[in-house]
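Since this is a predicted model, take the numbers as computed values, not measurements.
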Amino acid sequence: MTSDSAPDPESTLDRETLEHIVGRPLEQEWPASALAPGSRVRVLRDPAWDGPWQREFLGTIDDLAAPAPVQHAQARHGELAYWICFDEPQFDSGGEGPYRKALIWDRYLRFEPSTAA
């Protein structure tokens, strides 16, 4: 979504739903060091275990909420989590899904530079 376009109704509903679940507005201030919304990424599998997704796939960084520091004991210093909108619905490694977007730690993302046609 660009700043000069009307909000996508699906994205608006996603944001309202998530804000209701967490009980507060979602952070919208984008960290200066973060990948920009709309950036193309490849979601990776972890080489050390069978997950977190069944396969690698492409997606786009969503502007649902700004990337946030991962609050977990296994997080790397400064690791961010991004909302990713998937090109196609995906199943996680436990077979749950299909999901159309998810909050994903940056260790499982690889920037995919756009290629000119």
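Between the side chain of Q54 and the backbone N or O of D92, at least one donor-acceptor pair lies under 3.5 Å. Here the side chain of E19 pairs a donor or acceptor atom with the backbone of L26 at under 3.5 angstrom. Not a single donor-acceptor pair under 3.5 Å links the side chain of R76 to the backbone N or O of R107. With hydrogens and angles disregarded, no donor-acceptor distance shorter than 3.5 Å links the side chain of R45 to the backbone of P52. The main-chain N or O of G59 is found under 3.5 Å from a side-chain atom of R40 such that the two form a donor-acceptor pair. The main-chain N or O of L64 is found under 3.5 Å from a side-chain atom of R15 such that the two form a donor-acceptor pair. No donor-acceptor pair closer than 3.5 Å links the side chain of S39 to the backbone N or O of L35.
In summary, the side chains of Y108 and D46 do present a donor paired with an acceptor at a separation below 3.5 Å, with no hydrogens or angles considered.
By the 6.0 Å contact criterion, CD on Q28 is enclosed, its count of non-hydrogen atoms from other residues, nucleotides or ligands being greater than 12.
When all heavy atoms of V41 and F111 are compared, the closest pair comes out as CG1-CA, 4.3 Å. The nearest pair of heavy atoms linking D63 to P37 is CB-CB, 3.9 Å. When every heavy atom of E29 is checked against every heavy atom of A66, the shortest pair comes out as O-CB, 3.3 Å. Across all non-hydrogen atoms, the minimal contact from L18 to W83 is CD2-CZ2, 3.2 Å.
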From CA spacing to verdict: side chain to side chain contact (heavy atoms under 4.5 Å, CB included), L109, R42: CA-CA 6 Å; L109 301 175; R42 178 171 298 278; over 6 Å; no
Pair V43-L58, side chain to side chain contact (heavy atoms under 4.5 Å, CB included): steps then yes or no: CA-CA 6 Å; V43 178; L58 294 172; over 6 Å; no
Test log, rule side chain to side chain contact (heavy atoms under 4.5 Å, CB included), inputs Y82 and I104: CA-CA 5 Å; Y82 291 83; I104 300 180; 5.8 Å; no
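Ion pairing of R100 with D87 is absent here, as no side-chain N (NZ or NE/NH1/NH2) approaches a carboxylate O to less than 4.0 Å.
Hydrophobic cluster membership is shared by W105 and W49, with clusters built from Ile, Leu, Val, Met, Phe, Trp and Tyr side chains linked at under 4.5 angstrom. Note on F57 and L44: separate hydrophobic clusters, where clusters join Ile, Leu, Val, Met, Phe, Trp and Tyr whose side-chain heavy atoms are under 4.5 Å apart, directly or indirectly.
The aromatic ring centres of F86 and Y99 sit 6.0 Å or more apart.
Rounding to the nearest 0.5 Å gives a distance of 9.5 Å between CG of D106 and CD1 of I84. With rounding to the nearest 0.5 Å, the separation of OG in S93 from CZ in R55 is 14.0 Å. Once rounded to the nearest 0.5 Å, the distance linking CG of L103 with CG of L80 reads 10.5 Å. Here the straight-line distance linking atom OG of S11 with atom CD of E16 works out to 11.0 Å at 0.5 Å rounding.
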